[in-house]
Asks: 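I am attaching a structure below and will ask some questions about it afterwards.
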Amino acid sequence: MALLPILKYPDPRLHTVAKPVEQVDDRIRTLVADMAETMYAAPGIGLAATQVDVHERVIVIDISEESDDLLVLINPEIYWRSDEREEFEEGCLSVPGTYEKVERAAEIKVRALNEQGEPFEFHADGLLAVCVQHEIDHLDGKVFVEHLSLLKQNRIVTRLRKQQREARRAAEKQKLAV
């Protein structure tokens, strides 16, 4: 297993639409293991392959308190959404330090493949419904901040670019000091 680098918003690769997985094989199972390790180390509760610059429809989620209930979704599809909406505060490993309220369907029904390539379906509400919708957005090339006003989006981009510049400067200073 390996820790994978997580793309940071506004990296344009985050807007790539992921392709369906053609065959669930050892390559995909290795990707799932690496994504899970990366998500737990970050730490986070969900990670889409798009976020690690792999543009295939693979998601890992674990909303358990103990981080011991991994849910793997390959080629996930939401086939029903409730009319009822709920607002949750969301964060994202690709948008570090940013938490904003986003409105989404309160309940969803999902079909996907598991790590063995077997189809399954489930109903989700609460945090799991939010997480699945958030991660499927990633597979569709959308980051949660794009649900916000343009003003908020611009403020977030400005802050993140400033942080990235400062991190690069600090790294350059460290290289010069060596």
Side-chain angles (χ1 to χ4, degrees), residues 1-9 11 14 18 20-21 24-148 156:
M1 293 192 301
L3 288 178
L4 304 171
I6 298 172
L7 299 177
K8 302 296 186 230
Y9 184 76
D11 190 309
L14 288 168
V21 172
V24 179
D25 54 17
D26 287 343
R27 181 184 65 82
I28 294 298
R29 284 186 278 278
T30 298
L31 173 63
V32 165
D34 291 347
M35 287 175 59
E37 183 178 359
T38 301
M39 175 188 70
Y40 289 129
I45 61 170
L47 187 67
T50 301
Q51 293 176 271
V52 294
D53 204 20
V54 176
H55 303 288
E56 294 182 88
R57 299 188 76 78
V58 178
I59 293 171
V60 295
I61 294 173
D62 189 342
I63 61 168
S64 69
E65 290 289 323
E66 299 79 23
S67 298
D68 63 354
D69 191 20
L70 185 66
L71 175 64
V72 176
L73 304 175
I74 299 169
N75 295 338
E77 172 191 359
I78 297 171
Y79 66 91
W80 177 84
R81 296 173 196 264
S82 66
D83 291 333
E84 181 186 350
R85 312 280 290 168
E86 282 188 350
E87 195 174 68
F88 271 87
E89 187 171 78
E90 295 185 27
C92 182
L93 296 175
S94 291
V95 192
T98 301
Y99 300 90
E100 293 287 343
K101 290 186 177 181
V102 176
E103 185 179 282
R104 298 189 185 269
E107 298 178 63
I108 58 173
K109 291 183 180 177
V110 181
R111 61 174 64 103
L113 301 175
N114 65 18
E115 288 177 272
Q116 286 70 46
E118 301 162 338
F120 70 105
E121 297 183 7
F122 64 97
H123 172 269
D125 59 7
L127 182 57
L128 181 57
V130 170
C131 197
V132 169
Q133 291 172 87
H134 176 112
E135 300 307 335
I136 288 178
D137 271 0
H138 277 299
L139 299 180
D140 294 336
K142 188 171 187 175
V143 180
F144 91 99
V145 296
E146 293 162 14
H147 288 279
L148 307 175
I156 291 166

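A quick note: this is a predicted structure, and the numbers were derived from the prediction, not measured. Numbering of residues begins at 1 and proceeds along the displayed sequence.
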Asks: With sequence neighbours left out, write down each residue that passes ring-ring contact (aromatic ring centres under 6.0 Å, His included) with F144, or none if nothing qualifies.
Replies: H134
Asks: Counting only N and O atoms by type, is there a donor-acceptor contact under 3.5 Å from the side chain of D25 to the main-chain atoms of I28?
Replies: yes
Asks: In terms of side-chain geometry, is the basic nitrogen of R29 or D26 positioned less than 4.0 Å from the acidic oxygen of its partner?
Replies: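 Yes, this pair counts.
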Asks: According to salt bridge (charged side-chain N to carboxylate O under 4.0 Å, His left out), does anything in residues 41-61 pair up with another residue at least two apart or in another chain? List the pairs.
Replies: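 For residues 41-61, and leaving out neighbouring residues, the salt bridge (charged side-chain N to carboxylate O under 4.0 Å, His left out) pairs sorted by first residue read R13-D53, R27-E56, R57-D140.
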Asks: If we only count heavy atoms from C-beta on, is the L70 to M39 side-chain gap below 4.5 Å?
Replies: yes
Asks: Between atom OG of S64 and atom CG of L127, what is the distance when rounded to the nearest 0.5 Å?
Replies: 10.5 Å
Asks: Looking only at non-hydrogen atoms, find the nearest pair between G44 and A42 and report the distance.
Replies: N-CB, 4.0 Å
Asks: Scan residues 98-129 for pairs that pass ring pair (Phe, Tyr, Trp, His ring centres under 6.0 Å), counting only residues two or more places apart or in two chains.
Replies: F120-F122
Asks: Which heavy atom of N75 sits nearest a heavy atom of P20, and at what distance?
Replies: OD1-CA, 3.3 Å
Asks: Hey, does the side chain of Q51 reach the backbone of A48 with a donor-acceptor pair shorter than 3.5 angstrom?
Replies: yes
Asks: Given side chain to side chain contact (heavy atoms under 4.5 Å, CB included), test V102 with F88 step by step and report yes or no.
Replies: CA-CA 6 Å; V102 176; F88 271 87; over 6 Å; no
Asks: About how many Å separate NZ of K142 and OG1 of T50, when rounded to the nearest 0.5 Å?
Replies: 14.5 Å
Asks: Heavy atoms only: give me the nearest G46-C131 pair and the separation to one decimal.
Replies: CA-SG, 4.1 Å
Asks: Can you see which heavy atom on L3 is nearest to which on A41, and at what distance?
Replies: CD2-CB, 3.6 Å
Asks: So which heavy atom on S82 is nearest to which on A105, and how close?
Replies: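 Scanning both residues completely, I find the closest heavy atoms to be O-CB, 3.9 Å.
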Asks: Which of these passes side chain to side chain contact (heavy atoms under 4.5 Å, CB included) with V60: L73, L71, V32, L31?
Replies: V32
Asks: Keeping the roles fixed (side chain from E118, backbone from N114), state whether a donor-acceptor pair exists under 3.5 Å.
Replies: no
Asks: Between E121 and V110, does the side chain to side chain contact (heavy atoms under 4.5 Å, CB included) criterion hold? Intermediate values first, please.
Replies: CA-CA 5 Å; E121 297 183 7; V110 181; over 6 Å; no
Asks: Filter on salt bridge (charged side-chain N to carboxylate O under 4.0 Å, His left out), then keep only pairs touching residues 67-84, sequence neighbours left out; what's left?
Replies: E77-R111
Asks: As a quick check of understanding, evaluate side chain to side chain contact (heavy atoms under 4.5 Å, CB included) for I61 and V132, giving each step before the final call.
Replies: CA-CA 8 Å; I61 294 173; V132 169; 3.7 Å; yes
Asks: Would you confirm whether K8, through its side chain, and L93, through its main-chain N or O, come within 3.5 Å as a donor-acceptor pair?
Replies: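 Such a contact is found between K8 side chain and L93 backbone.
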Asks: So does I45 get a backbone contact from the side chain of D62, meaning a donor-acceptor N/O pair under 3.5 Å?
Replies: no
Asks: Within the distance-only criterion (no hydrogens, no angle test), does the side chain of T38 pair as donor or acceptor with the backbone N or O of L4 below 3.5 angstrom?
Replies: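 Yes, because the side chain of T38 sits within donor-acceptor range (under 3.5 Å) of the backbone of L4.
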Asks: Which atoms form the tightest heavy-atom contact between V52 and M35, and what is the distance?
Replies: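 Residues V52 and M35, closest heavy atoms: CG2-CG, 4.2 Å.
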Asks: May I have all residue pairs that pass salt bridge (charged side-chain N to carboxylate O under 4.0 Å, His left out) and include part of residues 99-109, sequence neighbours excluded?
Replies: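 Residue pairs with at least one partner in residues 99-109: R85-E103, E90-R104, E100-K152, R104-D137.
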Asks: Does anything in residues 40-80 form a ring pair (Phe, Tyr, Trp, His ring centres under 6.0 Å)? List the pairs, not counting sequence neighbours.
Replies: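 Ring pair (Phe, Tyr, Trp, His ring centres under 6.0 Å) check on residues 40-80 returns no pairs.
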Asks: Any side-chain to backbone donor/acceptor pair from S94 onto L7? Under 3.5 Å, distance only.
Replies: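 Checked: pair present.
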Asks: Do L47 and I59 touch side chain to side chain, with heavy atoms closer than 4.5 Å?
Replies: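 Contact flag for L47/I59 side chains = no.
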Asks: Walk me through it: do C92 and T98 pass the test side chain to side chain contact (heavy atoms under 4.5 Å, CB included)?
Replies: CA-CA 7 Å; C92 182; T98 301; over 6 Å; no
